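This report concerns only the one structure given below.
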Amino acid sequence: AYREAVAHARAGIEILAGDTNDELGLRLDLGLLLGDASLRGGNAVDSMVAFRETAELALEHDAQEAAAKAAIGYTQPGWRYNVIDATTIDLLRRSLALLDESDSDLRARLLANFARATQGTESEDDSLAMVAEATAMARRLENPRALVDCLRIRFNIDRGPESIHERLALADEILHLTRNLDDKALLMESLAFSLYDRLATGDIASCENSLEEMRPIAAEAADPFYVYHEATMRVALLILRGAFDEAERCAVEAMQTGKELGVTQVDGVMGLQIFTVRREQGRLAQFAPVIRAFLDREGADSSWRPGLTLACADVGDLEEARKQFDIIAEDNFSAIAQDSLRQTCLCYLAEVCDALGDAERAEALYDMLLPYAELVLVVGNATACLGSSARYLGQLAAVMGRFDEAGQHFEFAGDLNRRTAAAPWLAHSNHEFARMLIRRGDAGDRGRILDLLAEAEQNARELGMAYLLGKLGAVRDAL
């Protein structure tokens with residue numbers, strides 16, 4: 001249906017190409033249709049081109065409504081793929097200038113989108129103030145579609161761990177509103193919003209319910225992005241449970257589906273998932289060249305560098321791990337971006353820091369990771385799920401010799417991993433807990449150490465975790 005809509009819109013635009021302003025309204029409507037159908041059909045680039053051209057035409061003729069709709073439409077692929085360019089800000093600013101300052105649904109939506117587009121150039125307080133103004137306007141207008149737009153942008157502006165419970169409340173309101181709107185894509189996005197943070201809090205049952213609801217909606221709406229995205233989020237839950245062979249198979253299938261449907265950035269998502277699986281299976285050495293290739297392509301500040309550093313440490317190349325770790329640690333780890341991979345990068349680096357025994361850097365990483373102490377490690381937008389973040393804090397505390405704090409983190413990690421049925425990550429936290437107790441050197445801990453190692457070894461054997469089994473063997477040999 002979307003391909004047909006794209007074809008009809010293009011044909012109409014070609015017919016009107018030489019007409020006068022008498023057909024301006026129809027030309028703008030066709031441009032909006034082309035942008036929307038291209039996006040829903042999975043072609044983000046064509047969508048942005050169509051919306052940009054329509055916005056420029058509307059702005060040239062002071063067509064306020066069409067300019068606003070096209071500017072908002074232009075932002076949508078950017079939100080999906082985390083790409084905001086100067087054109088986004090320019091179109092939103094010029095479209096806002098066309099409108100008067102009285103309340104309207106378009107003004108509310110433009111203002112909220114402008115707040116998100118300028119995030120990073122404006123202070124967070126200014127961005128939040130703009131969204132608050134837009135949200136209040138949408139509530140006054142009692143316009144649910146405009147309100148959803150404002151709330152979903154508020155949800156995305158502050159992704160810090162401290163505000164997770166506020167986001168959960170926002171996700172609930174967004175989901176309630178979208179269930180009463182006839183927009184399948186928006187409903188799927190709302191379900192995904194709810195899933196991200198519920199996964200982080202360990203509410204696995206709610207996540208599974210959201211995925212079950214998403215699957216038929218994605219198929220019905222035939223939106224390639226969400227057909228693909230639903231498949232990748234299922235892989236995250238398989239990784240959480242330790243179904244590594246199935247996770248790898250499903251990750252490859254999801255990537256193939258995404259490519260067939262024209263979804264972009266599928267290689268990076270699959271790469272993170274396969275990296276996780278291969279690491280647990282003790283096959284990470286064969287993956288290091290892939291990470292290096294990503295670094296060469298994406299540049300020195302790539303989010304793949306912590307993964308390469310971890311891979312080097314895992315395969316015993318501590319010299320290269322130290323070299324990469326020192327690069328990342330420059331200026332107190334300022335290169336670690338405030339994005340959806342921040343928590344993952346910090347946890348990777350915590351493991352490297354432990355392997356290197358770097359107590360000085362451990363303190364900085366500990367402080368940066370501490371806000372995530374009670375959360376599950378969710379990679380990106382539910383690309384993978386690696387159990388309790390507290391385990392990594394325990395490792396850092398142990399490196400610094402703060403054994404009581406380390407013990408508290410490991411106890412919390414074990415409890416959360418049990419509650420979420422995260423067997424592989426329980427095995428890891430038990431192993432690290434045992435290592436810490438051995439390092440502490442209290443003779444009264446021997447019974448606890450043996451129990452932790454026994455449970456970790458049982459889980460690791462059942463799940464085929466060759467990498468962890470090797471480490472457990474080394475610990476037992478050292479007892």
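Here the structure is a predicted model, which is why all the values come from computation and not from measurement.
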Any side-chain donor near an acceptor of the partner, Glu280 and His428, under 3.5 Å: yes
Ionic contact status for Asp100 with Arg107, cut-off 4.0 Å: no
Reported CG-to-CG distance for the pair Leu393 and Leu370, which is rounded to 0.5 angstrom: 6.0 Å
CG on Leu377 to OH on Tyr372, rounded to 0.5 Å: 10.0 Å
Option among Asp314, Val277, Thr276 that satisfies the side-chain contact (heavy atoms from CB on, under 4.5 Å) test with Leu284: Asp314
Donor-acceptor contacts under 3.5 Å from residues 147-158 side chains, at least two apart:
unit_1, atom_1, unit_2, atom_2, d
Asp149, OD1, Arg145, NH1, 2.5
Asp149, OD1, Arg152, NH1, 3.3
Asp149, OD2, Arg109, NE, 2.6
Asp149, OD2, Arg109, NH2, 3.1
Asp149, OD2, Arg145, NH1, 3.4
Arg152, NE, Glu189, OE2, 2.5
Arg152, NH2, Gln76, OE1, 3.2
Arg152, NH2, Glu189, OE1, 2.9
Arg152, NH2, Glu189, OE2, 3.0
Arg154, NH2, Glu166, OE2, 2.8
Asn156, ND2, Arg152, O, 2.9
Asp158, OD1, Gly160, N, 3.2
Asp158, OD1, Ser163, OG, 3.4
Asp158, OD2, Ser163, OG, 3.2

Carboxylate-amine/guanidinium contact Asp90 Arg94, below 4.0 Å: yes
Validation row: Leu346, Tyr392 side chains within 4.5 angstrom (heavy atoms): no
Side-chain touch Leu426/Glu455, heavy atoms, less than 4.5 angstrom: yes
Pairing residues for Phe412 by the ring pair (Phe, Tyr, Trp, His ring centres under 6.0 Å) criterion, not counting sequence neighbours: none
Side chain to side chain contact (heavy atoms under 4.5 Å, CB included) partners of Ala460, counting only residues at least two apart: Met465, Leu468, Leu469, Leu472
Heavy-atom donor-acceptor pair, Ser389 side chain to Leu375 backbone, under 3.5 Å: yes
Side chains of Ser38 and Asn43, donor plus acceptor under 3.5 Å: no
Contact check, side chains of Met130 and Arg116, non-hydrogen atoms, under 4.5 Å: no
Set of residues satisfying salt bridge (Lys or Arg N to Asp or Glu O under 4.0 Å) with respect to Asp36, sequence neighbours excluded: Arg40
Side chain proximity check, Thr118 to Asp126, heavy atoms < 4.5 angstrom: no
Interatomic spacing from CG in Asp46 to CZ in Phe51 - rounded to 0.5 Å: 12.0 Å
Parallel, tilted or perpendicular, as decided by the 30° and 60° cut-offs, for the rings of Phe244 and Trp425: perpendicular
Interatomic distance, Tyr348 atom OH to Leu341 atom CG [nearest 0.5 angstrom]: 8.5 Å
SB check Arg241 Glu246 (cutoff 4.0 Å): no
Heavy-atom closest contact (Ala413 atom, Ser388 atom, distance): CA-OG, 3.4 Å
Side-chain donor or acceptor of Asp197 paired with backbone N/O of Phe193 under 3.5 Å: no
Salt bridge flag under 4.0 Å for residues Glu65 and Lys69: yes
Side-chain donor or acceptor of Glu432 paired with backbone N/O of Gln395 under 3.5 Å: no
For His409, all residues meeting ring pair (Phe, Tyr, Trp, His ring centres under 6.0 Å), sequence neighbours excluded: Tyr366
Which atom of Ser104 lies closest to which atom of Met137, heavy atoms considered: O-SD, 3.6 Å
Ser190 side-chain N/O to Thr178 backbone N/O, donor-acceptor pair under 3.5 Å: no
Ring pair (Phe, Tyr, Trp, His ring centres under 6.0 Å) partners for Phe410, two or more places apart: Phe433
Polar contact flag, side-chain donor to acceptor under 3.5 angstrom, Thr201-Asp203: no
Atom pair OG (Ser210) and CD (Glu230), whose distance is rounded to the nearest 0.5 Å: 11.0 Å
Any side-chain heavy-atom pair of Asn417 and Asn430 under 4.5 Å: no
Smallest separation among heavy atoms of Ser194 and Ala171, with atom names: CA-CB, 3.9 Å
Carboxylate-amine/guanidinium contact Arg215 Glu220, below 4.0 Å: no
Heavy-atom pair of closest approach, residues Gly202 and Thr420: O-CG2, 3.5 Å
Heavy-atom side-chain contact between Met368 and Arg342 under 4.5 Å: yes
Euclidean distance, Leu191 CG relative to Asn209 CG, rounded to 0.5 Å: 10.5 Å
Presence of salt bridge, Glu212 and Arg234, under 4.0 angstrom: yes
Heavy-atom pair of closest approach, residues Arg279 and Tyr467: O-CB, 3.1 Å
Polar contact flag, side-chain donor to acceptor under 3.5 angstrom, Thr232-Gln273: no
Salt bridge present between Arg139 and Glu173 (N-O < 4.0 angstrom): yes
Heavy-atom pair of closest approach, residues Ala390 and Ala373: CB-O, 3.5 Å
Test item: Val269 and Tyr228 side chains (from C-beta on) under 4.5 Å apart, heavy atoms: yes
4.5 Å side-chain heavy-atom contact, Cys385 and Val379: no
Arg198 and Glu208 ion-paired at < 4.0 Å: no
